[in-house]
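What follows is one structure encoded as structure tokens, with my remarks underneath.
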Amino acid sequence: MVLVVLDHDGNRLRKGSLEALTRARDLAQALGGKVAGVLLAEEKAPVEEARKYVEVLYTATLGPYTAEKWAAGVLKAAEASGAKAVVAPSSRQSRAYLGRVAYALRAGLLEDTLESRLEGGEVHATRYAYLNRVTQRVKAALPVVLTVKPNTTPLAEPLGGEAEVVALSVPEVPTVEVLERLQEEKKGVSLTEADVVVTGGRGMGSAEAFGLVEELAALLGGAVGATRAVVDAGWRPYAEQVGQTGKTVQPSLYIALGVSGAVQHLAGMNKSKYIVAVNKDPEAPIFKHADYGIVGDVHQVLPALIEAVKKLKD
Amino acid sequence: MKFVAVIRQVPDGESRLRVQGDRVDLSGATMILDQMDEYAVEEALRLKEKHGGEAVVVGFGPERTEEAIRTALAMGMDRGVHVVYEGFADPVAVAEALVEVLKEEAPTLVLTGGQQADWDSQALGGALAEALGVPVVAWTTALELEGDTAKAKHDLDEGAEWVRVRLPAVFTTQQGLNEPRYPTLPGIMKAKKKEIRKVQARLTPKVTLISEEIQEKSRLGKILDGKDPVAAAEELVRLLHEEAKVI
């Protein structure tokens, strides 16, 4: 049996869950077993949607997220299903609580994998290392815990049946008390899942200038990113930071506006399919990593870009 | 009170990486205290300065890791423990190797970087917390002690939150938590005399590294002149639509 952790927003499964399902099914097929799902919720979970994708579905309502509770829930489902592998979409939170799960199972932890397969009773996977600059091939014997990097894997289709739903009883664990949740303003798609990311750097000059970055991102159905300098200046929240100390993104299109291209920033976006740079300095390192670019003043080019995209859409 | 920072030594992000055979060759790289772990060292120092007690740096890795431990000592940590291990070790195995030392130290809290700059792993904090049987707060951006609890702010996938956690606990650190200090010359002199206890790591690797390769994606490098911003923008949008087909 392979267990897949189904991440969701309370109403729908996230795209990453459908990628994790594809990987889980591949492993289950190679192992000659089935796929069980675990759906952990603060309050509400898309149970009806989730049961279409797996052969048995474990659920638990746990209250506010803590790594301890989520780890306990996954461990309980792993035990109940007899899973030899746990597959989950890769996220900041999953990579924290699955560290607990892997240690508890003394399992090999394959984080943020690009692909995975069973070979000679071991799970082989590829992943990036050294700030996304190196591709590693790694392997681990079963049991394994595996996280799936977003945008690497085809999305799974429903199975055509409806899985039996099993409510888990998750033991109380020494835990963390959540005092106050600071919600991110929901503006369009989430940064790590976005297919288009528009990032502003120090060259934007002010917090106000990000109004146009938001406008371009919205036009392209994408998300706004920021560099460390921008976040340090207080123009944008940490949650939007792309780079070594921020989020890693791999969209089809990454647009870097007024971004110089420091290694720490590149580490968060250098695997994007297409990289576009706008910078007035022709020597800016970002141009060495760009597919397309404009050497010019971002304050003139960005409004023109917005107009050009609008024209295209009409 | 005792504040422990768990650190590793990694290549500087600006260093040129080479691959020799099928492994990254670090012989020409500048090796540094992982910048994410620097936030852990700085926070341990600040907690000690505010609440008293001891700040201990625990380093994991090959012999050369001693340099990174010395850097932390030069920043002001009181003493070091070096758990020596040559080669690749996954976070579960590292936690196995560190748990004995950490239990012996009985820290008030443990800090470590949110992501490792060599393996790009984010799991050590969680694995250490499980090994110690204590809670973990990941991606911490603010931390205050209040009696036998800590109040902390940390990032989630979407947004952030304030939490209260009973100590001991593990915190993973990141940018925003503090601004790490530079070692001073007197600090560097003092660090030479500070104790570093050596322990041979006992662990069973769970993950095997098969090969490594550098795959720099070659980029198209089509750079337009933006003197006429409108023309350049229209040409760029045309290329993205017709050639790259991404909009």
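Each chain gets a letter, A, B and so on, in the order its sequence line appears, and its residues count up from 1.
- The salt bridge (charged side-chain N to carboxylate O under 4.0 Å, His left out) with B/D155 is formed by just one residue from the set A/R181, A/K247, A/R92; it is A/R92.
- Counting heavy-atom pairs closer than 4.5 Å to chain A, the top residue among B/L209, B/V19, B/T172, B/D228 is B/L209.
- The part of B/V99 that comes within reach of chain A is its side chain, from C-beta onward, which places non-hydrogen atoms under 4.5 angstrom from that chain.
- Proximity to chain B (any heavy atom under 4.5 Å) is shown, for A/Y274, by both the backbone and the side chain.
- For a residue to count as touching a neighbouring chain, one of its non-hydrogen atoms must lie under 4.5 Å from one of that chain's; by this rule A/L266 does not touch chain B.
- For the pair A/V295/B/D225, no side-chain contact is recorded, criterion being any heavy-atom separation below 4.5 Å from C-beta on.
- Taking chain A as the reference chain and counting heavy-atom pairs below 4.5 Å, the highest number among B/V207, B/D22, B/T204 is found for B/V207.
- Looking at A/E180 and B/K153, no side-chain N of the basic residue comes within less than 4.0 Å of a carboxylate O on the acidic one, giving no salt bridge.
- Interface remark: of the candidates B/M36, B/R238, B/E96, B/E96 forms the most heavy-atom pairs closer than 4.5 Å to chain A.
- Open room surrounds CZ on B/R16; 12 or fewer heavy atoms of other groups in view lie less than 6.0 Å from it.
- Per-residue counts of heavy-atom pairs under 4.5 Å with chain A were compared for B/V165, B/I214, B/D118; the largest is that of B/D118.
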Inset, instruction - Verify side chain to side chain contact (heavy atoms under 4.5 Å, CB included) between A/Q136 and B/S211, making sure each step is shown before the conclusion. - result: CA-CA 6 Å; A/Q136 284 185 333; B/S211 66; over 6 Å; no

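- A donor-acceptor pair is defined here as one N or O able to donate and one able to accept, closer than 3.5 Å; such a pair exists between the side chain of A/Q93 and the backbone of B/D157.
- B/I247 contributes atom CD1, which lies 5.5 Å from atom CG of A/L312 (distance to the nearest 0.5 angstrom).
- Using a 4.5 Å cut-off between heavy atoms, A/R127 touches chain B through its side chain atoms alone.
- B/P229 and A/A304 make their closest contact through O-CB, 3.7 Å (heavy atoms, listed as atom of the first residue, atom of the second, distance).
- For the options A/G293, A/A308, A/A102, heavy-atom pairs under 4.5 Å to chain B are most numerous at A/G293.
- A/F287 contributes atom CZ, which lies 16.0 Å from atom NZ of B/K222 (distance to the nearest 0.5 angstrom).
- Sorted by first then second residue, the salt bridge (charged side-chain N to carboxylate O under 4.0 Å, His left out) pairs that include residues 280-301 of chain A, not counting sequence neighbours, are A/D291-B/R219.
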Inset, instruction - Walk me through it: do B/V237 and A/L305 pass the test side chain to side chain contact (heavy atoms under 4.5 Å, CB included)? - result: CA-CA 7 Å; B/V237 168; A/L305 266 178; 3.8 Å; yes

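- Between the side chains of A/Y292 and B/E243, a donor-acceptor pair is found at a separation under 3.5 Å.
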Inset, instruction - Show your working on side chain to side chain contact (heavy atoms under 4.5 Å, CB included) between B/L236 and A/V276 and close with a plain yes or no. - result: CA-CA 9 Å; B/L236 176 61; A/V276 171; 3.8 Å; yes

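- Of the inter-residue distances, the one linking B/R166 atom CZ with A/E177 atom CD reads 10.0 Å to the nearest 0.5 angstrom.
- With a threshold of 4.5 angstrom between heavy atoms, B/Q174 approaches chain A through side-chain atoms but not through N, CA, C or O.
- The most heavy-atom pairs under 4.5 Å with chain A, out of B/E213, B/E234, B/R23, B/K151, come from B/E213.
- Within the 4.5 angstrom heavy-atom criterion, only side-chain atoms of B/W139, from C-beta onward, approach chain A.
- The contact between A/Q264 and chain B is made entirely by side chain atoms (from C-beta outward), counting heavy-atom distances below 4.5 Å.
- Heavy atoms of other residues, nucleotides or ligands lying less than 6.0 angstrom from CZ of B/R202 number 12 at most.
- For the set A/K271, A/E122, A/H124, A/R106, the entry with the most heavy-atom pairs within less than 4.5 Å of chain B is A/R106.
- A/N132 has its side chain within reach of B/D120: a pair of non-hydrogen atoms, C-beta onward, lies under 4.5 Å apart.
- Within a 6.0 Å sphere centred on CD of B/E144, heavy atoms belonging to other residues, nucleotides or ligands number more than 12.
- One finds the OG atom of B/S15 at 7.0 Å from the CZ atom of A/R133 (value rounded to the nearest 0.5 Å).
- For chain A, the nearby part of B/P11 is the side chain; its heavy atoms alone come within less than 4.5 Å.
- When heavy atoms are compared at a cutoff of 4.5 Å, B/V24 approaches chain A solely by way of its side chain, counted from C-beta outward.
- Only the side chain of A/Q241 comes within contact range of chain B, judged by heavy atoms closer than 4.5 Å.
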Legend entry - Worked verdict on B/L240 versus A/L253 for side chain to side chain contact (heavy atoms under 4.5 Å, CB included): CA-CA 9 Å; B/L240 292 176; A/L253 175 60; 3.9 Å; yes

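- Counting heavy-atom pairs under 4.5 Å between each of A/S91, A/G296, A/S252 and chain B puts A/S91 at the top.
- Heavy-atom pairs under 4.5 Å with chain A were tallied for B/V163, B/T149, B/T141; the largest tally goes to B/V163.
- Separation of atoms OG1 (A/T175) and CZ (B/R164) is listed at 13.5 Å; rounding is to 0.5 Å.
- With a 4.5 Å cut-off on non-hydrogen atoms, A/A277 does not touch chain B at all.
- Most heavy-atom pairs under 4.5 Å with chain B, from the set A/A107, A/P282, A/G246, A/A141: that is A/A107.
- For the atom pair A/Y128 OH and B/E212 CD, the distance stands at 14.5 Å (nearest 0.5 Å).
- Using a 4.5 Å cut-off between heavy atoms, A/L220 contacts chain B through its side chain alone, with no backbone atom that close.
- When only modelled atom types and interatomic distance are considered, B/S121 and A/E111 share a side-chain donor-acceptor pair under 3.5 Å.
- For a residue to count as touching a neighbouring chain, one of its non-hydrogen atoms must lie under 4.5 Å from one of that chain's; by this rule B/L239 touches chain A with backbone and side chain alike.
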Expected list for residues 122-138 of chain B: side-chain donor-acceptor pairs under 3.5 angstrom, two or more places apart:
from: B/Q122; atom 1: NE2; to: B/Q115; atom 2: OE1; distance (Å): 3.1
from: B/E130; atom 1: OE1; to: A/R100; atom 2: NE; distance (Å): 2.6
from: B/E130; atom 1: OE1; to: A/R100; atom 2: NH2; distance (Å): 3.2

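- Neither the backbone nor the side chain of A/K313 has a heavy atom closer than 4.5 Å to any heavy atom of chain B.
- Heavy atoms of B/Q35 lying under 4.5 Å from chain A belong exclusively to its side chain.
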